[in-house]
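Here the structure is laid out as structure tokens; the discussion comes afterwards.
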2 protein chains.
Amino acid sequence: MTAIEDPGPLRPVTLADIAREAGTSASTASRALSGRGYVSDSVRDRLLAVADRLGYVPNASAQTLKQRTSRVVGVVVSALDNQFYAGLAAGVEQVLREANYQMVLLGDNSDAAEELAGVRTFVAMRTPGVIMTPVGAEASRLLLSHGAAVVEVDRRLSSAPCDAVVIDNERGGREATMHLIGLGHRRIALLGVATEWTTDAGRLKGYRTALRNARIPFDKRLVVRIPVRAPDTEARIEALLDTAAPTAVFAANNALAEQAWRVLRRRGLRIPGDVSLVGFDDVPWMEMVEPQITVVDQPTIELGRSAARLLLRRLHGGPSLAPEVDVLQPRLLVRGSTGAPPG
Amino acid sequence: MTAIEDPGPLRPVTLADIAREAGTSASTASRALSGRGYVSDSVRDRLLAVADRLGYVPNASAQTLKQRTSRVVGVVVSALDNQFYAGLAAGVEQVLREANYQMVLLGDNSDAAEELAGVRTFVAMRTPGVIMTPVGAEASRLLLSHGAAVVEVDRRLSSAPCDAVVIDNERGGREATMHLIGLGHRRIALLGVATEWTTDAGRLKGYRTALRNARIPFDKRLVVRIPVRAPDTEARIEALLDTAAPTAVFAANNALAEQAWRVLRRRGLRIPGDVSLVGFDDVPWMEMVEPQITVVDQPTIELGRSAARLLLRRLHGGPSLAPEVDVLQPRLLVRGSTGAPPG
DNA sequence: GGCCGGTGTGGTTACGTTCCCACAAGCTCG
DNA sequence: CGAGCTTGTGGGAACGTAACCACACCGGCC
């Protein structure tokens, strides 16, 4: 063994390097840099200086391995490119950052298999908790069985009890429908998603409640539920217009509202002259188009922030805490896309 | 020591558990489950069955610690909620997923300090590579000095040579400006970002080239460069309209195009009757508003995909590979927001 | 018949960190 | 004046995995 060593940046600098350079033991270096345990001020300063000089960055894997938990939380949303989920993730990140946690963001394209694969890597990472917009039941089961905390956001799905933050979808659906009824509509179409998600179920329920209160019979031909990412979404909307002749369309999410808007425009139908349109979840284009779109606005960012807060509370409180479900309130923004029915 | 052990799911199952249960050594179990090295078929099957039954998930921290590298790559973009960056991230994820890599996504709000903090945790994770839309020079320096591969995407910044994928901003800027000149405009405003980013520099350069070719003198009052996330962006655009009286506005990114559009509309200015508008980077609202917005379209998803491919190539090829810079071509989409100048 | 190469397995070590324990000095206080 | 505390430090054992090495067996081949 010669004294020749590779001086290059290839070998990362470790705690042992710092300790040797500062003339202490690795234990002391660890205490100084992690801030846990006794270290005299002079020794601490010396160690910090050396660490800074050598550009020391702790090895997160070693830390996680030793501490059996990490400071990254997983976030899995349905679609990275949907404004709603983007806003949700942004809210989560804000709160997590303040609490000095890291966010790992994953998209699952609303596919249960992709979701499960993503969640599996979170388990592999020994992530202490995961925030998700659930699509399949298996994912949260897997997480829970491995001792990870789960917060469901936007929709609820888990059979096991866990924290969640949702909005009052039923109220949102009811208010949107009542608004249309108040304008004189009786043939109101509902455009929803063909899933078991609580979001759509709630909005549909609100829709039915509003109809019942107004003594308007429920017509199932007016309700179209379209599978996520269906290639023929627009054709289905066309078919709805052809067969059910609604005077108003209530689109239960921002993507469907956009598709409906495009179909209406392509057909040359006037909004709201021929057909009124109400969306759910306000996104920028809705107040840029003419007329502006009446919409049930939901507190997207706050949804993410609440979810993150719930997770942090759980991480500190442990599994004995009773599950908490926060319900946030949506708000109907009446704009120009809704008016009296034709005739 | 009694025989009583905690049977709960709290203690995660390890390779040693699998080995014990299957009656082999940990070495053999490792080989069977990782697929590297000799294992007889019968033993492998037995181990896989046991692993499946016990719900074994490998500890990623232990793996990265041992292997000194991980299969997650870091991605840091300026703004999670901007469609452009979202699309970019989506492209990156597509390619990474196929190659069985994991993406960790981070937003830095175009803030050099936040970027550096994020990058530091990537270093801590021993991430083999990072894809970023750079905002400060320190971040890539830190990564490179720790042996991580860096791919810059959308803009170039690093002083050190590294892989990058950008679009031909100069050409995009030139074509947009030429289009306006061809319609008869001579007072063309440029709305850009007050940074040293190559994106804006390129677009500005293309703008000037087009003017020079057309023998139109450059008027610096027509060029406004607004700091990222400036609270008074709209006021600055108003000021531009007041003092420079342009007949056309070329907004160098989608956010500025949106702001410009809002200001023009609020002022009651007709597009393109009073002022023409060209954007850079096509986003959905641009073809939903009336008139639709003429725009320099860039291959956003492909930008992300290329960046991911470049990173994978680098991870396999090592540091001796010559840096590669891919340049993708933008495309001018002429729509309704541009027309002849008034008068 | 000894040697070699392929096949299959287990023991051991190291990755970088944290944390428990031991220990030592300098106090105070009964 | 020694027991018990506080302050400070170092030794060493984990955490769970992968890789290196040793070894053992079996066939064929010179």
Side-chain angles (χ1 to χ4, degrees), chain A residues 1 10-48 50-51 54-72 121 123-128 146-147, chain B residues 6 10-48 50-51 54-72 121 123-128 146-147:
Chain A
M1 196 60 168
L10 288 89
R11 198 180 70 80
V13 31
T14 73
L15 212 42
D17 297 327
I18 309 294
R20 190 175 340 101
E21 193 80 5
T24 74
S25 71
S27 304
T28 303
S30 171
R31 282 193 302 265
L33 298 179
S34 71
R36 279 180 288 264
Y38 287 118
V39 198
S40 66
D41 289 350
S42 64
V43 173
R44 185 202 329 276
D45 291 347
R46 184 149 44 98
L47 282 162
L48 288 175
V50 172
L54 299 188
Y56 172 71
V57 178
N59 184 320
S61 298
Q63 288 180 314
T64 317
L65 179 59
K66 178 60 189 171
Q67 302 183 138
R68 314 174 83 133
T69 185
S70 77
R71 287 191 80 82
V72 310
T121 82
V123 172
M125 289 179 168
R126 298 303 185 260
T127 291
H146 282 266
Chain B
D6 185 356
L10 289 89
R11 199 181 69 79
V13 28
T14 73
L15 212 42
D17 296 327
I18 309 294
R20 189 176 339 101
E21 194 80 6
T24 74
S25 71
S27 303
T28 304
S30 170
R31 281 192 303 265
L33 298 180
S34 71
R36 279 180 287 264
Y38 287 117
V39 198
S40 66
D41 289 349
S42 65
V43 173
R44 187 204 324 280
D45 291 347
R46 185 151 41 98
L47 281 163
L48 289 175
V50 172
L54 299 188
Y56 171 70
V57 179
N59 185 320
S61 298
Q63 288 180 315
T64 33
L65 179 59
K66 178 62 188 169
Q67 303 183 135
R68 313 176 85 134
T69 185
S70 77
R71 287 191 79 82
V72 310
T121 82
V123 172
M125 289 178 169
R126 298 303 185 259
T127 291
H146 280 267

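Naming: A, B, ... by sequence-line order, numbering from 1 per chain.
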Original post:
Taking five pairs at each end of the helix from C/dG1-D/dC30 to C/dG30-D/dC1, what angle separates the two helix axes (nearest 10°)?
Top reply: 60°
Original post:
Is there a side-chain contact (heavy atoms from CB on, under 4.5 Å) between B/Y56 and B/L15 once you walk through the steps?
Top reply: CA-CA 8 Å; B/Y56 171 70; B/L15 212 42; 3.6 Å; yes
Grab the N/O contacts between the protein and nucleotides 4-8 of chain C below 3.5 Å, and write none if there aren't any.
{"unit_1": "C/dT7", "atom_1": "OP2", "unit_2": "B/Y38", "atom_2": "OH", "d": "3.4"}

All side chain to side chain contact (heavy atoms under 4.5 Å, CB included) counterparts of [X], not counting sequence neighbours:
{"X": "A/R36", "result": "A/S34, A/Q67"}
{"X": "A/T121", "result": "B/Q102"}
{"X": "B/S25", "result": "B/S27, B/T28"}

**OP:** Give the C-alpha distance, both sets of side-chain angles, the deciding distance and a yes or no for side-chain contact (heavy atoms from CB on, under 4.5 Å) between A/V13 and A/I18.
**Re:** CA-CA 8 Å; A/V13 31; A/I18 309 294; 3.9 Å; yes
Please tabulate, one pair per line, all N/O donor-acceptor pairs under 3.5 Å involving side-chain atoms of residues 38-46 of chain B, not counting sequence neighbours.
{"unit_1": "B/S40", "atom_1": "OG", "unit_2": "B/V43", "atom_2": "N", "d": "3.4"}
{"unit_1": "B/R44", "atom_1": "NH2", "unit_2": "B/V39", "atom_2": "O", "d": "3.3"}
{"unit_1": "B/R46", "atom_1": "NH1", "unit_2": "B/A22", "atom_2": "O", "d": "2.3"}

Straight-line distance of [X] [atom1] to [Y] [atom2], nearest 0.5 Å:
{"X": "B/T24", "Y": "B/R31", "atom1": "OG1", "atom2": "CZ", "answer": "9.0 Å"}
{"X": "A/L65", "Y": "B/Q63", "atom1": "CG", "atom2": "CD", "answer": "11.0 Å"}
{"X": "B/L33", "Y": "B/L47", "atom1": "CG", "atom2": "CG", "answer": "6.0 Å"}

**OP:** Could I get the full list of side-chain hydrogen bond (donor to acceptor under 3.5 Å, both in side chains) partners for B/S61, not counting sequence neighbours?
**Re:** none
Subject >> Listed partners of B/R20 passing side-chain hydrogen bond (donor to acceptor under 3.5 Å, both in side chains), at least two apart >> reply: B/D17
Which atoms form the tightest heavy-atom contact between [X] and [Y], and what is the distance?
{"X": "A/T127", "Y": "A/S70", "result": "CA-OG, 4.1 Å"}
{"X": "B/R126", "Y": "A/V57", "result": "NH2-O, 3.5 Å"}
{"X": "A/V72", "Y": "A/P128", "result": "O-CD, 3.2 Å"}

**OP:** Starting from C1' on C/dG11, measure out to CG on B/L15 and report it in whole angstrom.
**Re:** 15 Å
Subject >> DNA chain D-proximal residues of residues 56-63 of chain B, any heavy atom under 4.0 Å >> reply: B/Y56, B/P58, B/N59, B/A62, B/Q63
Subject >> Toward the 5' end of DNA chain C, by each residue's nearest nucleotide, B/Q67 or A/S34 >> reply: B/Q67
Subject >> Presence of donor-acceptor pair under 3.5 Å, side chain of A/K66 and base of C/dT18 >> reply: yes
Original post:
Mapping A/S42 and B/L65 to their closest nucleotides on DNA chain D, which lands nearer the 5' end?
Top reply: A/S42
What does the list of N/O pairs under 3.5 Å between the protein and nucleotides 22-26 of chain C look like, with a distance for each?
none

**OP:** Using a cut-off of strictly less than 4.0 Å, decide whether A/S30 has a side-chain nitrogen or oxygen near OP1 or OP2 of C/dT17.
**Re:** no
Subject >> Those residues of residues 19-27 of chain A lying under 4.0 Å from DNA chain C by at least one heavy atom >> reply: A/S27
Subject >> chain B footprint on DNA chain D, 5' to 3' - any atom under 4.0 Å from a heavy atom >> reply: D/dG16 to D/dA19
